[in-house]
Every structure is written in C-alpha cells, then in structure tokens.
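Presented below is the structure to which this report refers.
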2 protein chains.
Amino acid sequence: MTTVPTPPWRKSPRPMKPQLSQALIVETGLRILDAEGLDALSMRRVAQELETGPASLYAHVSNKEELLDLIYDVVLGEIRLPELDPDDWRPQLRAYALEAHRVLTRHNDISKTALAGVPTGPNALRVGEYMMRLLISAGMPPLDASFSVDRLSLYIAGDAYEGSQHFAKMRAQGLDDPEAYIQGFVGQIRDYYQSLPRDQFPTITAHIAELTDPDGEARFEYGLDLILEGMAARMK
Amino acid sequence: MTTVPTPPWRKSPRPMKPQLSQALIVETGLRILDAEGLDALSMRRVAQELETGPASLYAHVSNKEELLDLIYDVVLGEIRLPELDPDDWRPQLRAYALEAHRVLTRHNDISKTALAGVPTGPNALRVGEYMMRLLISAGMPPLDASFSVDRLSLYIAGDAYEGSQHFAKMRAQGLDDPEAYIQGFVGQIRDYYQSLPRDQFPTITAHIAELTDPDGEARFEYGLDLILEGMAARMK
DNA sequence: ACCTGAACACCGTTCAAGT
DNA sequence: ACCTGAACACCGTTCAAGT
C-alpha cells in the first residue's frame, strides 16, 4: 500500500478503506453470520462487505473452512467460566452446558462448524481445559473425563445446530416471528400425526401432545440431565 | 412419451432410457451418496447420471431438501427392529442404537439430513413407534419417553454425522485408507497438544493419551451408555 | 403431464499480473 | 507481501416452450 503523506492537521493518515487483515475478515464474517446465518456467509459476501474481490481474502485465510473455524473460536470466547469448585461438579458442569448452549444459539447455525471438525482454537482449548479439570479434580478417571467432555460437547453443539435450523428455515421463508413459526410448525406435525393409521402407529397416535411439546429449551435440559446422570454413575 | 410399437419377438417396449420417476431419482441419489458423499450429491449430478437436464427432476421432487429427506427415509428403512421385549428395555434400546448408528454410518454423511430437520417419513415413524412403545411398555411416563427418544435420536445422528466428516475430509484430500488417515489425524492433534504451554493447560497436557484415543466406536458407546443410565433413573 | 434448453443468480478457488 | 480482475468449474431453481 502506498503511504499517503499526512496533512499537518491530521495525526495519522486515514485510508479510504480499512486495511484488510485476518481479524477484520473474521469480524465481518461473524457479523454476516449473526445477521443472516451460515447460508449467507460466503467468501464473496465477506469480500463484498469489505469492498474488495473474493480473491483478496485468500492472502489472510487459506480457505472457507479455516475462516469458519476462526469465527467459531471467537464465538467460544464468549463463554464465561465460573471459578472452579470440584465439590459441586454437577451443578457447575450443568451451568457450563447452559452457558455454552446459550452462546452458540445466539450465533445462528455456527454450531455446524463444531460438528464438521474437532475445534482446536485457543478458546476451544480453554473450555476443554476447564471441563477436564472440573471432572478430574472431582474424582473421575481421566479416560472417562475425556470421553465425557467429548460427548457433552457433541450434545451441546448437536442440539444448538438442530435448534438453529428452525430459524434458518424461517429466514428462508421470509418470516420473522419465531414464536409464531414454531407454533405453526408444531401444528403441522400434530395434524400429520393425527392423520396416521391408529392400528399401525398405536403409540405415536396415543401420545401426540407429548411428542409435539414445543419447548426446545426443556428438551435440551432433559438430555443434558440424562448425560449428567450417567456421568455421576462414573464418578469416583 | 411416444409409445414405440413393440416388435413381436419382444414382450414389452424397451425405451432407450429408463422412465424418470421419483423412485429412480431417489435411488440414483442414494448411489451417488454412497459412492462419493453428500458433497457430490447435487441435483445436476443426479440429472447427469440419468442422462437428462436438472430441470427434469423438478417434475418429481419439489427441491433438493425433499430429495434428501426421501433418501434419508430409504436409509432408515434398512434398520432392523427386533421383536419388542419390555422386560429387557435397556439392552434392547442399546441394540437399536448400535444398529441405527451402523446403518447411518454405512451411508456417509447422510445423517446431516436428520440434524437439518425433523424426519417424518414412513421409516422415521416406524423406528419412532418402536422406541416409544419399548419405553412406555417398560414403564416410562409418555413425556419422558418422548424426550428420551428425541434426545437419543439426536445423539445417534450427531455422532454419525461427526464421524462421517473424517471420511469426507479424507475423500477431499484424495486419500482412501481410513485407518491410516485416522492415525495421521490423531498424530497431528497429539503433536499440537504436546506443543501447548503446560502452565496454561495443565490438565490437557497431562492427559494427551486419553484425549486422543482414536476409537470412535468406543466413544459412541460411551455416550450411549451415559444416556441409557440417565433413562434408567427415569424408569418406572 | 412430463420433459427440455437456456438462463438467472449465485458459489469457492486459482492464477497471472500488478503494486 | 499484498491485492486485483478475470476465469474455471461448479451450484439450485425458474420459466417459457415443446410434446
């Protein structure tokens, strides 16, 4: 970049465009993700937002997958970890899971990235270190702790991704009231179940209300508690 | 289609191309999925395989999402369900999970489709009915059974998808020895962990062997048993 | 009703050329 | 070293036109 001579009334040169950098690209990608979801987050779109061509990005990021990994780690950075207290591992791990799930859910369908590959960024290490330390200091054997952390992480990301898909579909249909969309969706499933032959599907047709409970957060916590229960059985 | 007069030595007219139909499209899509994975399964590719243009498919399938849902349900059709025995719900549900996981894993990254939307095809109903019946007849309250089935299904599909990603990446790199690829991948992670500052990540660096256990099947079964343990606590 | 060619509005990535 | 324009090899879907 040619250095423009600084006029005396300015402290520093002001370039028309902010200089391209990995951090700026990641930040721009995150903004698109938050506003419009993973489907809208293309290399070309990021470039457009930065008023340049897509090829320019490849000087700072080796491909789209790396960009997504970088964005994912920035998101993980939002997870707050409480002081570690091994005497109370269960409520603490539960609180971690809820916090992580909340953070992932805030950023649309970014969790897909966690499912696509093992996250290894600095913030992935930070939360991994925390969970491992909590379980081992509470008395869990290291191999159990390793597997437990891995499975819990998969569950959190899996549920966050599944949950985000409803919003993605809503966006694709051009709607924007999540409450109404979920109600409509659940209603459709209910009608479909009601139309099924009762002799072939006796159990489903007998429990339609239970099968179409729309509370996604309750479902997440239910599965979380199943896993925590299993972990408790392997503790000490 | 113009009917060609049948020569007397043939029982039926033999068209040059097999007639297009939804079943044929689904079958072709499944073949591509099995051979080259979800990334290779495009509408254009299916059309090419059927020696027609992509637009022709839209007479039998409303969009790509519907095609994937149809393929997914065909895959679920491969899951064999044993005679139901409510006195032994735990080993039975465990066997179901292993069978479902094995079937999904056989078909590359198709599990992504289950994560993307609630499967509602005939075979999804069939396995759902089975699991619900097993748990309820074993004494679980219907709402618990509904949540349990939902969470277990998410876990199975989530793990199958995550596991399939290794193969997808292997394919993308043009390699074809899964054993060697996993070994190489695990080795890289191990080296990376080894390079971390011990004071910042004491727990991770102290348990590298446990954290890089390459046995994906053991991890799946470990998480499955965590969930089954939790379900046992909610039984009766 | 079913099928088609052509087009529209996109993708990720590469590469030679510029500064 | 960083940035660019242009190109390559793809996408899913629509639509008017054909049979």
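To find a chain, count down the sequence lines: A is the first, B the second, and so on, and within it residues start at 1. Hydrogens, waters and symmetry mates are skipped; everything else that's a heavy atom, side chains included, is used. It should be emphasised that the depicted structure is a prediction, and the values quoted were computed from it without experimental measurement.
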*Aromatic ring pairing B:Phe220/B:His101, orientation class (parallel under 30°, perpendicular over 60°, tilted between)*: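 Because their plane-to-plane angle is under 30°, the rings of B:Phe220 and B:His101 count as parallel.
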*Start at the 5' end of DNA chain C and walk down; is the nucleotide closest to B:Leu20 or to B:Pro54 reached first?*
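The residue whose closest nucleotide sits nearer the 5' end is B:Leu20.
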*Nearest-nucleotide comparison on DNA chain C, the residue closer to the 5′ end among A:Arg45 and B:Leu57*: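 Final value for this comparison: B:Leu57.
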*Taking atom P in both C:dA9 and D:dA9, compute the distance separating them and give it to the nearest angstrom.*
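These two P atoms come out 23 Å apart once rounded.
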Give the rounded distance in Å between these two atoms: [atom1] of [X] and [atom2] of [N].
X	N	atom1	atom2	answer
A:Tyr58	C:dA17	OH	C1'	19 Å
B:Gln48	C:dG5	CD	P	14 Å
A:Lys64	C:dC10	NZ	C1'	12 Å
B:Arg44	C:dC11	CZ	P	15 Å
A:Met43	D:dT4	CE	C1'	15 Å
B:Asp39	C:dC11	CG	P	17 Å
A:Gln22	D:dA1	CD	P	17 Å
B:Glu51	C:dC2	CD	P	21 Å

_Requiring both pairing distances under 3.5 angstrom, list the stems that contain DNA chain D and are made of three or more consecutive Watson-Crick or G-U pairs._
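Stem list for DNA chain D: C:4-8 with D:12-16, C:12-16 with D:4-8.
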*Decide yes or no on side chain to side chain contact (heavy atoms under 4.5 Å, CB included) for A:Ile79 and A:Leu76, but give the supporting numbers first.*
CA-CA 6 Å; A:Ile79 299 175; A:Leu76 290 187; 3.9 Å; yes
For [N], does OP1 or OP2 lie under 4.0 Å from any side-chain N or O of [X]?
X	N	result
B:Ser42	D:dC11	yes
A:Ser56	D:dT4	yes
A:His60	D:dA1	no

_Can you work out whether B:Ala40 or A:Gly53 has the more 5'-proximal nearest nucleotide on DNA chain D?_
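Per heavy-atom nearest nucleotide, the more 5' residue is A:Gly53.
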*Taking atom types as modelled, is there a side-chain donor on B:Thr212 or B:Arg190 under 3.5 Å from an acceptor on the other?*
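Distance-only check passes for B:Thr212 and B:Arg190.
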*asked:* Hydrogens and angles aside, do B:Glu49 and B:Thr28 bring a side-chain donor and acceptor to less than 3.5 Å of each other?
replied: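 On atom types as modelled, these side chains do not qualify, holding no pair under 3.5 Å.
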*asked:* More than 12 heavy atoms of other residues, nucleotides or ligands under 6.0 Å from CD of A:Gln173: yes or no?
replied: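 Enclosed: over 12 neighbouring heavy atoms sit under 6.0 Å from CD of A:Gln173.
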*Would you check if the distance from the ring center of A:Phe201 to the ring center of A:Tyr193 is below 6.0 Å?*
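So the answer is no for these two rings.
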*Output yes when B:Arg151 and A:Glu162 qualify as a salt bridge under the 4.0 Å nitrogen-oxygen rule, no when they do not.*
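Yes, this pair counts.
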